[in-house]
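Each remark here refers to the structure printed beneath this line.
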Amino acid sequence: WMPFETKKYYTNAFIVQEGKVLLGYKKRGFGRHKYNGFGGKVEEGETYLQAALRELEEEAGITAPLEHAGSLLFLTEGIEKAFQIEIYRATEYSGTISETEEMRPEWFSLGPADKTDIQELPFDKMWDTDRHWLPLLASGQKFVGRADFKCSGEVFTAHKWWYGVP
Ligand code: 6OG
């Protein structure tokens with residue numbers, strides 16, 4: 001158990017289509033040089049969904065009928081701020097996927113890599129916790145998860161748990 005005083009609210013959105021998932025390579029800011037869904041901070045007066053749609057448009061140039069897919073809570077030892085991230089997904093989108101100053105969008109294969117020209121998921125360049133819930137996201141199974149991070153030097157380790165919810 002770790003106490004936290006305040007929460008910060010974030011969104012993350014993924015397009016899942018034809019056995020592929022759209023990820024963005026983050027070029028700057030928090031989590032740079034990692035692949036992630038498209039998302040960011042929920043601003044004052046916005047709902048989670050509004051924030052998720054805004055960030056998807058800002059970072060990938062598209063809009064999509066996003067549906068809520070899961071909820072994550074991250075705590076870090078010594079930091080009194082908890083991160084709550086609401087995850088969204090869609091199986092279609094409109095607009096033209098475009099690279100932005102912040103993100104470079106790329107499709108990755110969710111299935112066996114043999115049948116496509118698309119790369120497999122870049123787990124070595126993603127947040128370490130993503131591998132636990134991405135299969136749930138891909139299959140459309142809703143999920144919740146929590147990770148308690150310990151930070152020593154540059155290395156984050158985590159106790160984590162996740163499960164699908166009906
Ligand atoms: P900006 O700073 O760009 O928003 N984020 C995480 N995503 C994953 N998968 N795992 C984490 O921790 C994360 N911590 C933060 C939320 C930051 C973006 O990074 C996401 C936002 O989409 C293990 O505004």
Side-chain angles (χ1 to χ4, degrees), residues 7-74 83-147 149 156 158 160 162 164-165:
K7 279 208 269 183
K8 289 186 87 170
Y9 303 100
Y10 288 88
T11 65
N12 226 206
F14 297 80
I15 310 293
V16 178
Q17 200 174 65
E18 291 164 12
K20 295 170 294 170
V21 62
L22 185 68
L23 300 177
Y25 180 79
K26 188 116 190 260
K27 300 198 280 188
R28 65 173 193 206
F30 184 66
R32 66 179 168 279
H33 309 320
K34 282 191 199 319
Y35 285 95
N36 207 341
F38 303 91
K41 231 167 272 161
V42 178
E43 285 171 7
E44 191 85 37
E46 265 184 336
T47 64
Y48 267 112
L49 181 58
Q50 286 166 344
L53 288 166
R54 176 181 50 74
E55 292 281 352
L56 183 63
E57 163 76 46
E58 281 175 12
E59 295 183 351
I62 57 174
T63 188
L66 293 178
E67 287 185 15
H68 188 245
S71 300
L72 304 177
L73 184 68
F74 295 117
F83 288 72
Q84 185 170 339
I85 306 181
E86 296 298 330
I87 312 288
Y88 288 82
R89 79 195 280 278
T91 52
E92 52 192 271
Y93 65 90
S94 50
T96 306
I97 294 168
S98 27
E99 179 166 351
T100 59
E101 272 183 33
E102 191 158 329
M103 287 284 222
R104 190 179 71 235
E106 275 178 59
W107 289 101
F108 291 90
S109 175
L110 289 164
D114 55 305
K115 64 174 165 46
T116 59
D117 49 346
I118 300 165
Q119 306 172 63
E120 282 183 277
L121 289 170
F123 282 127
D124 57 327
K125 284 185 222 143
M126 296 173 76
W127 287 99
D128 188 40
T129 40
D130 290 12
R131 68 182 77 228
H132 297 278
W133 52 266
L134 217 73
L136 296 170
L137 176 102
S139 66
Q141 160 100 71
K142 294 200 178 196
F143 57 92
V144 295
R146 170 173 161 173
F149 289 97
F156 285 89
K160 49 212 170 201
W162 318 87
V165 296

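If you're wondering where the values come from, they're calculated on a predicted model, not measured in any experiment. Scope of the values below: all heavy atoms of this structure, side chains included, with no hydrogens, waters or symmetry mates.
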Give me the atom names and distance for the closest heavy-atom approach of [X] to [Y].
X	Y	result
Leu66	Ala52	CD1-CB, 3.7 Å
Ala138	Val16	O-CG1, 4.1 Å
Met126	Leu134	CE-CD2, 4.1 Å
Gly45	Gln50	O-OE1, 4.0 Å
Leu49	Tyr88	N-OH, 3.5 Å
Asn12	Gly37	ND2-O, 3.4 Å

Set of residues satisfying side chain to side chain contact (heavy atoms under 4.5 Å, CB included) with respect to [X], sequence neighbours excluded:
X	value
Thr63	Leu53, Ser94
Glu43	Glu46, Arg54
Ser98	none
Ile62	Ile15, Leu22, Leu56, Ala60, Tyr93, Ile97

Could you give the distance from [atom1] ([X]) to [atom2] ([Y]), rounded to the nearest 0.5 Å?
X	Y	atom1	atom2	result
Phe108	Phe14	CZ	CZ	11.5 Å
Ile87	Phe143	CD1	CZ	5.0 Å
Asp130	Tyr35	CG	OH	13.5 Å
Ile85	Phe74	CD1	CZ	4.5 Å

Heavy atoms, side chains only, cut-off 4.5 Å: are [X] and [Y] in contact?
X	Y	result
Leu72	Phe83	no
Lys34	Tyr25	no
Lys125	His33	no

Could you pull out all residues at least two apart from [X] that satisfy side-chain hydrogen bond (donor to acceptor under 3.5 Å, both in side chains)?
X	answer
Thr100	none
Glu99	Lys27
His132	none
Lys7	Gln84

Worksheet item: Can Glu86 and Ser71 be counted as having a side-chain donor-acceptor contact under 3.5 angstrom?
Response: yes

Practice prompt. Using salt bridge (Lys or Arg N to Asp or Glu O under 4.0 Å) as the criterion, list what pairs up with Arg28, not counting sequence neighbours.
Written response: Glu101, Glu102

Worksheet entry | Which residues share a salt bridge (Lys or Arg N to Asp or Glu O under 4.0 Å) with Glu106, sequence neighbours left out | Arg104

Practice prompt. Please identify each residue that fulfils ring-ring contact (aromatic ring centres under 6.0 Å, His included) with Phe38, with sequence neighbours left out.
Written response: none

Worksheet item: Within a radius of less than 6.0 Å around CD of Glu67, do more than 12 heavy atoms belonging to other residues, nucleotides or ligands occur?
Response: no

Item to complete: Could you check whether the rings of Trp127 and Phe30 sit parallel, tilted or perpendicular, using 30° and 60° as the cut-offs?
Response: tilted

